[in-house]
Amino acid sequence: MRSLSMSATAFGVVLGLGALGAAAGALTAPALARRFGPGPMMLAALAITPLTQLPLLLASPGLAWQITIGAALFLQLACAGAAGTTQRSIRQIVTTAGMQARMQAVSTWLTSGARPVAALLAGALGTWIGVRPALTAGTLLLLIPLVVLARSPIRALRQMPDPPAAPLPSPPAARASTPAVPSPARTDDARHDRAHGGGAS
């Protein structure tokens, strides 16, 4: 911000454009996934993301560069919103109902827990080697998700996967066969019939 002589208002506008980009990416993610396939769409989004860092690396003070950085941030967060929404949808589809809460808890813990650590490391790196070299290192790190996805079978996913088959219900337990116990009334009737029948014969 100080290096680019950007005012607080301009900085707020740039961040606002980024937030609009994230919302636009999340809203258009389903249509893009249907049109191009979830795998190719996420691959393209992750390939565009490092390129959106170039204006920030090359920028100098001036209104034109501020507009360019805002547009680049809009595109960067739009790609992040589209790819993030799609990968979360895939993860929820392929996870069984009984594991949904655990899956979401682990994902939230990993992403939320990594952010403060990454912020501290980025600040330390910027202080140690300078702002632009630190931004360059961050741009190179953005290639890691692209490489991981490019080596994954998900890159060729052309439609959202089917949910896992529901487990078959277990067969009901066999009922234990219990011997029939004649009622006392029926027993007395049978004895009475045998007695009268025997007398007649």
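All values below were derived from every heavy atom in this structure, side-chain atoms included, with hydrogens, water molecules and symmetry-related copies excluded. Treat the numbers as computed from the prediction; the structure is a model and nothing was measured.
You'll find the side chain of L51 stays beyond 4.5 Å of the side chain of L75, heavy atoms only.
In terms of heavy-atom proximity, R155 sits nearest to S152 at NH1-O, 2.8 Å. Contact record, L143 with P50: CD2-CG, 3.7 Å, taken as the closest heavy-atom pair. Closest non-hydrogen pair, P55 versus T68, comes out as CB-CG2, 3.8 Å. Among all heavy-atom pairs drawn from L46 and P145, the shortest one is CD1-O, 3.7 Å. For I93 against P161, the heavy-atom pair with the smallest separation is CG2-O, 3.3 Å. Residues G70 and V14 share a closest heavy-atom pair of CA-CG1, 4.0 Å.
A single hydrophobic cluster is seen to contain both L135 and L15, as judged by linkage of ILVMFWY side chains at heavy-atom distances under 4.5 Å, directly or through other members. I69 and F11 fall within the same hydrophobic cluster, where Ile, Leu, Val, Met, Phe, Trp and Tyr residues are linked whenever their side-chain heavy atoms come under 4.5 Å apart, directly or through other members. Taking hydrophobic clusters as Ile, Leu, Val, Met, Phe, Trp and Tyr residues chained together by side-chain heavy-atom distances below 4.5 Å, L56 does not share a cluster with I48. In the hydrophobic clustering of ILVMFWY residues, with side-chain heavy atoms under 4.5 Å counting as a link, M42 and M160 come out together. With hydrophobic clusters built from ILVMFWY side chains whose heavy atoms lie under 4.5 angstrom apart, L73 shares a cluster with M6.
Q66 CD to S7 OG: the interatomic distance, rounded to the nearest 0.5 Å, is 6.5 Å. Interatomic distance, CG of L125 versus OG1 of T136, reported as 10.0 Å (0.5 Å rounding). In this structure, L57 CG and T139 OG1 are separated by 4.5 Å, a value rounded to the nearest 0.5 Å.
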- Message: Let's go through Q92 and T95 carefully: what are the C-alpha distance in whole Å and the side-chain angles of both, what is the deciding distance for side-chain contact (heavy atoms from CB on, under 4.5 Å) to 0.1 Å, and is it a yes or a no?
- Response: CA-CA 5 Å; Q92 289 177 345; T95 303; 5.9 Å; no
- Item | CA sep, side-chain torsions, deciding dist, call: L142, T49, side-chain contact (heavy atoms from CB on, under 4.5 Å) | CA-CA 7 Å; L142 290 175; T49 300; 4.0 Å; yes
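The hydrophobic cluster around V117 extends to L121, counting ILVMFWY residues whose side-chain heavy atoms fall within less than 4.5 Å of a member. Annotation for V148: hydrophobic cluster partners, listed by chain and number, are L141, I144 (ILVMFWY side-chain heavy atoms under 4.5 Å, direct or chained). Hydrophobic side-chain contacts under 4.5 Å tie I67 into a cluster, directly or through other members, with L63.
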Can you give each donor-acceptor pair under 3.5 Å made by side-chain atoms of residues 31-41, sequence neighbours left out, with the distance rounded to 0.1 Å?
none

Could you pull out every donor-acceptor pair under 3.5 Å between side chains of residues 76-85 and any protein atom, sequence neighbours left out?
unit_1	atom_1	unit_2	atom_2	d
Q76	NE2	T52	OG1	2.9
Q76	NE2	Q53	OE1	2.9
T85	OG1	G81	O	2.8

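Sorted by first and then second residue, the pairs that involve residues 97-114 and meet side-chain hydrogen bond (donor to acceptor under 3.5 Å, both in side chains), not counting sequence neighbours, are R91-S107, Q104-T108.
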